[in-house]
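Data block below; observations after.
Convention: sequence-line order gives letters A, B, ...; per-chain numbering from 1.
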Amino acid sequence: MSKVAITVSCSSDDATAVDRLAGTLEAMGTEVLAVHESIGIVSARAQERDLDSIRALEDVSAVEVGSRFQLPPPESDVQ
Amino acid sequence: MGTAWSTSPTGTTGRALVLFEEGSEDSAAQGLSDVLGATIEQTDSSGGPVSGAAIAQCDGLVFSDLGVAIVAADDDQLEALTAPDAAVEGVVAVEPERTVYAQGDDPRDVAPEPVIRMLDYARGMHDAAEALMRAAGASAPSPARFDESQVTWGLQAVGVPTSPLTGSGVALAILDTGIDLTHPDFDSRRITSESFIDGEEIQDANGHGTHCIGTACGPATAVDGPRYGVAPAAQIFAGKVLSDRGSGSDAGILAGIEWAIRSGCQIVSMSLGAPVSEGQPHSQIFETVARRALRRDMLIVAAAGNDSNRASGRVAPVSHPANCPSILAVGAVDSGLAIADFSNRGDEQSGGQLDFVGPGVDVHSAWPMPRGTRRISGTSMACPHVAGILALFAQANPRARSDELVALAFKGARRLSLASFDAGAGLVQAP
């Protein structure tokens, strides 16, 4: 099963809590891509089957599968 | 967790809202005190926010920056306020104060954070003022015609040519496709930049980012053509969160937001979005991030999205992440000040209200060299107009918090003959 890009919000924007969450995610086998302590966010890639387990973690307030953004082609009149 | 507000169908508090003509706020407090025989407080725009206790317990409170008062008064007293020979000058309209509840939450449990309460309260008070103005039969100004030989129509429409402000001292981040660092209109500007796109530098090979940065921060005198920049002296922070092919992800955008916070930016402009379906809840994560940014005095402004085709009857809701209550959503108007055909609509049921409109049709701004300039349309073009205007407000009010800047922008917006779900507070205006 392929991994999906996820964003995990820490229940606190305290740097220690965010780092702890990142460590917990890595221990679970989640691929941590970035840790944003200032905004309490961890960007990661995880198996879909693990999302509920991640949501249940003590330091987690929300988990969302990442959105993709796509601008119209540069030659478009409306952008 | 929800932060959208809804009104109880029968909920009124027993107090009344009184709308005053602009400029009569100072005499309002004394006039109300004389008629009602009560102590009337008045907010001070140079001081801190009014406390929740004061709002709940006062007999009368004039919101000086909004031109609206809350009063405890009986029916006879309220009638006296609106009589032809009323002892209080400048009263435009009176209506009952409504009780509101957080949508989907038990009111006993939810206590919105103070800074968000003020952001939502500022919106709510403006909505109330808007309703009162309509009830009073106030008419919107007619659209003007624009000569673009010196200044773009968009800058004229938002009042930039007559403003003495430049955005000096204000750090403004634009998260987009980057910027053309070779563009002569930015030769004299210091640009702080960062790319969050793997394998790509800040240099903009798309154009969208350069156009948006031009609108928000372009020079007072362009090398070629009319002036197109709102805040010509703002500090430019260009964050590349969309690739040269125009694509990006939540992860890149969040990284850009954190960078902007750490860089001390006061305003972030994001002309990007992903379509949402009707009634789809906003992202709890982006809402949380936006609240955290607000606590650090950084405002996030985002484009409402271009998924609508109003001529064919299709009107789409405000896109993600602009549909987050703590992110200012910007729709687009044309040079006739009509809503743009493509501009998305606010959906208050899901918290995705639209806050302002900005010039977004046929907008002239910078484009990567050798072309240099280009005219394009979109809520992407409206968003940096609003961001630049907020930078002017920030320059004029250096001690103001983010929610106070928003309240000032709400108060100063030009009301249009458009519904609030299409135009929010109206067309943003330069201080």
Side-chain angles (χ1 to χ4, degrees), chain A residues 2-19 21-22 25-26 30-48 50-52 54-79, chain B residues 1 176-177 196 205-208 211-212 241-255 257-259 261-262 270-274 276 283-290 292-293 295-296 303 306 319-321 332 340-342 360-362 367-368 374-381:
Chain A
S2 61
K3 291 183 177 179
V4 293
I6 62 171
T7 306
V8 185
S9 174
C10 184
S11 53
S12 162
D13 55 357
D14 171 74
T16 303
V18 182
D19 288 340
L21 173 58
L25 290 171
E26 284 182 322
T30 302
E31 181 186 354
V32 172
L33 301 175
V35 181
H36 303 298
E37 293 170 352
S38 302
I39 52 176
I41 294 292
V42 177
S43 293
R45 290 176 55 80
Q47 300 285 354
E48 282 196 73
D50 293 335
L51 296 189
D52 286 340
I54 295 172
R55 288 191 178 97
L57 292 174
E58 185 178 343
D59 283 327
V60 170
S61 66
V63 177
E64 292 176 2
V65 175
S67 299
R68 295 290 309 180
F69 300 84
Q70 181 62 57
L71 295 175
E75 60 270 19
S76 298
D77 289 333
V78 178
Q79 302 208 21
Chain B
M1 180 176 81
D176 209 293
T177 60
F196 301 96
N206 178 285
H208 191 268
H211 198 277
C212 291
V241 302
L242 299 174
S243 70
D244 290 332
R245 296 171 69 90
S247 66
S249 66
D250 281 338
I253 292 159
L254 291 168
I257 291 173
E258 182 181 54
W259 169 74
I261 290 174
R262 289 183 166 176
M270 306 199 304
S271 291
L272 50 85
V276 300
S283 164
Q284 182 180 345
I285 287 183
F286 269 80
E287 172 61 16
T288 299
V289 168
R292 289 171 175 166
R295 279 205 299 271
R296 291 170 172 81
N306 308 326
S319 304
H320 160 76
D341 185 68
F342 49 76
V361 177
D362 200 26
W367 199 255
R374 188 179 167 196
R375 305 180 81 91
I376 52 176
S377 302
T379 54
S380 287
M381 284 65 252

Check whether any side-chain heavy atom of [X] lies under 4.5 Å from a side-chain heavy atom of [Y], and answer yes or no.
| X | Y | value |
| --- | --- | --- |
| His36(A) | Arg262(B) | no |
| Asp13(A) | Arg296(B) | yes |
| Ser283(B) | Glu64(A) | yes |
| Phe69(A) | Pro321(B) | yes |

Taking only distance into account, with no hydrogens and no angle test, what donor-acceptor pairs under 3.5 Å do side-chain atoms of residues 71-79 of chain A form with protein atoms, sequence neighbours excluded?
residue	atom	partner	partner atom	Å
Ser76(A)	OG	Pro73(A)	O	3.1
Gln79(A)	NE2	Pro74(A)	O	2.8
Gln79(A)	NE2	Ser76(A)	O	3.1

Using heavy-atom distances under 4.5 Å, tell me whether [X] contacts chain A through its side chain, its backbone, both, or neither.
| X | result |
| --- | --- |
| Leu254(B) | both |
| Asn206(B) | both |
| Arg245(B) | backbone |
| Trp259(B) | neither |
| His320(B) | both |
| Ser243(B) | neither |
| Leu242(B) | side chain |

At a 4.5 Å cut-off on heavy atoms, which part of Val65(A) comes close to chain B: side chain, backbone, both, or neither?
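Backbone only.
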
Region of Ser43(A) in contact with chain B, defined by heavy-atom distances below 4.5 Å:
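The side chain, not the backbone.
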
Select, from Val241(B), Ile261(B), Val289(B), the one with the greatest count of heavy-atom pairs under 4.5 Å involving chain A.
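The option with the most such pairs is Val289(B).
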
Of the listed residues (Gly248(B), Gly360(B), Ala293(B), Gly378(B)), which shares the most heavy-atom pairs with chain A below a 4.5 Å separation?
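Result: the option with the highest number of such pairs is Gly248(B).
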
Under a 4.5 Å cutoff for heavy-atom pairs, which residue among Ser38(A), Ser9(A), Ala62(A) has the most contacts with chain B?
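It is Ser38(A).
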
Could you state the interatomic distance from [atom1] ([X]) to [atom2] ([Y]), rounded to the nearest 0.5 Å?
| X | Y | atom1 | atom2 | answer |
| --- | --- | --- | --- | --- |
| Ile6(A) | Asp250(B) | CD1 | CG | 11.5 Å |
| Glu258(B) | Ile39(A) | CD | CD1 | 5.0 Å |
| Thr7(A) | Ile285(B) | OG1 | CD1 | 5.0 Å |

Check side chain to side chain contact (heavy atoms under 4.5 Å, CB included) between Ser249(B) and all other residues, then give those that pass, not counting sequence neighbours.
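Per chain and number, Ser249(B) pairs via side chain to side chain contact (heavy atoms under 4.5 Å, CB included) with Arg68(A), Ala251(B).
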
